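Okay, so here's the structure we're looking at.
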Amino acid sequence: MTAKPHVLTKEDFFRPGENVHIQMSNEFPDYIGVVHTHKYIEVVYIISGNATHEIDGKKYSAGRGDLFIINKDTPHAFYYGEGKEPFVAYDLMFTPEFFGSSKNEYGALEDLTDSFMFYSLFNGQKSFVPYLSVSGSTYTIFGELFNKMYLEHRGRQKGYNDIIRAYLLELIITIFRMEDDAVKTVSGGYGKRAVSFVTEYIKKNYASALSVQEIADKVYMSRDYLGRIFRAETGMTVSAMIQKVRIERVCMLLSTTERTVADIAEECGFDDMKFFYTVFKKHMCVLPGDYRSKTRTEIK
């Protein structure tokens with residue numbers, strides 16, 4: 001029987017009241033070779049040495065210039081390799097809330113940040129390869145950004161969290177630009193993944209009291225930003241998709257069961273019958289009872 005990974009929380013590293021922490025790997029070696037998960041997002045940037053990085057059961061070679069993004073609740077571990085150079089990496093940890101208090105200050109950068117947050121920090125996105133390898137001038141740029149964040153965090157001078165946030169945004173934008181064609185349009189690679197996830201989430205949870213804000217939180221996007229890319233990709237709003245999925249389920253139950261309309265409506269997430277009848281007629285152009293009679297007649 002496989003042992004459960006050790007779970008790390010903010011309290012294990014973060015200073016009280018903070019949503020960001022950065023350290024060097026050799027300052028805290030306790031979890032090298034130990035599979036663990038954490039309740040925050042982690043970005044590891046290797047500056048020397050080599051290792052094997054196991055993420056959610058998959059193994060990746062890790063060496064100088066490699067950057068890994070590890071989602072929260074994702075089991076992973078570094079295993080040191082053999083070599084002349086010691087393994088040293090910057091280890092940056094933060095929560096999405098680190099951007100929350102200052103998002104409005106960045107204006108046009110909000111969409112970019114949200115889109116990246118979905119792509120790289122998304123829970124359960126199996127198609128995401130969580131690393132990239134950089135060299136040359138890009139290696140220097142990344143190294144300088146991590147070093148600046150590290151020194152600011154250690155120095156704790158006035159406004160250091162705001163400066164770290166700015167450097168982290170620069171890091172995010174640099175990574176974002178490296179993804180080339182996938183980020184050229186709002187409905188590109190990241191947008192498509194977001195829409196796909198949201199659609200599947202609605203299909204699995206249609207019976208719950210879903211809200212657009214709750215769904216946006218699932219993909220680390222603002223409600224407005226999710227709404228724009230969802231409409232661009234599907235031609236409808238998130239709320240309209242929720243109604244569509246629920247009505248499709250209602251129709252199936254009306255056609256195949258003898259249950260009352262009220263029971264079916266409640267099971268499918270409608271807690272207001274007047275609203276249910278309005279939505280059903282809008283979608284199907286008939287009332288539920290008439291739909292049931294019509295489909296039963298067609299089946300016979």
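The shown structure was predicted, so the numbers you read here are calculated from the model rather than taken from an experiment. The residues of the chain are indexed from 1 along the displayed sequence.
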Of the non-hydrogen atoms in E42 and D91, which two are nearest, and what is the gap between them?
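Residues E42 and D91, closest heavy atoms: OE2-OD1, 2.5 Å.
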Closest non-hydrogen atom pair between R15 and H153, with its separation
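Scanning both residues, the minimum pair turns out to be NH2-O, 2.7 Å.
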Name of the residue among R249, K244, Q243 meeting side-chain hydrogen bond (donor to acceptor under 3.5 Å, both in side chains) with Y206:
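Of the listed options, the one satisfying the test is R249.
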Judged by atom type as modelled, is there a donor-acceptor pair below 3.5 Å linking the side chain of [X] to the main-chain atoms of [Y]?
X    : Y    : result
N147 : G143 : no
S48  : P86  : yes
Y167 : E144 : no

For the hydrophobic clusters of this structure (ILVMFWY residues joined by side-chain heavy atoms under 4.5 Å, transitively), does one cluster hold both [X] and [Y]?
X    : Y    : answer
I47  : L145 : yes
L169 : L67  : yes
Y80  : V35  : no
Y45  : Y79  : no

Should the pair H21 and F13 be assigned to parallel (<30°), tilted (30 to 60°) or perpendicular (>60°) ring geometry?
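Tilted.
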Between E200 and K203, does the side chain to side chain contact (heavy atoms under 4.5 Å, CB included) criterion hold? Intermediate values first, please.
CA-CA 5 Å; E200 288 304 309; K203 289 179 178 179; 3.9 Å; yes
Do N19 and T95 have side-chain atoms, one donor and one acceptor, less than 3.5 Å apart?
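Yes, side-chain donor-acceptor contact under 3.5 Å.
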Do you see a donor-acceptor pair shorter than 3.5 Å between the side chains of S211 and Q213?
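The criterion, which ignores hydrogens and geometry beyond distance, is not satisfied for Q213 and S211.
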Spatial distance of atom [atom1] ([X]) from atom [atom2] ([Y]) [nearest 0.5 Å]:
X    : Y    : atom1 : atom2 : result
L210 : I215 : CG    : CD1   : 5.0 Å
F87  : N26  : CZ    : CG    : 10.0 Å
F146 : Y150 : CZ    : OH    : 13.5 Å
C268 : I242 : SG    : CD1   : 13.5 Å

Kindly state whether the ring of Y277 and the ring of F270 have centres lying under 6.0 angstrom apart.
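Distance test on ring centres: not under 6.0 Å, no.
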Is the distance between the ring centroids of Y40 and F14 less than 6.0 Å?
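Yes: the rings meet the under 6.0 Å criterion.
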Test K282 against T278 for side chain to side chain contact (heavy atoms under 4.5 Å, CB included), laying out the working first.
CA-CA 6 Å; K282 176 183 176 183; T278 300; 5.6 Å; no
Starting from the C-alpha separation in whole Å, work towards a yes-or-no answer on side chain to side chain contact (heavy atoms under 4.5 Å, CB included) for L92 and V20.
CA-CA 8 Å; L92 172 66; V20 66; 3.9 Å; yes
Matching residue for H38 among D73, V7, T74, L8 - test: side chain to side chain contact (heavy atoms under 4.5 Å, CB included):
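Checked D73, V7, T74, L8 against H38; only one passes side chain to side chain contact (heavy atoms under 4.5 Å, CB included): L8.
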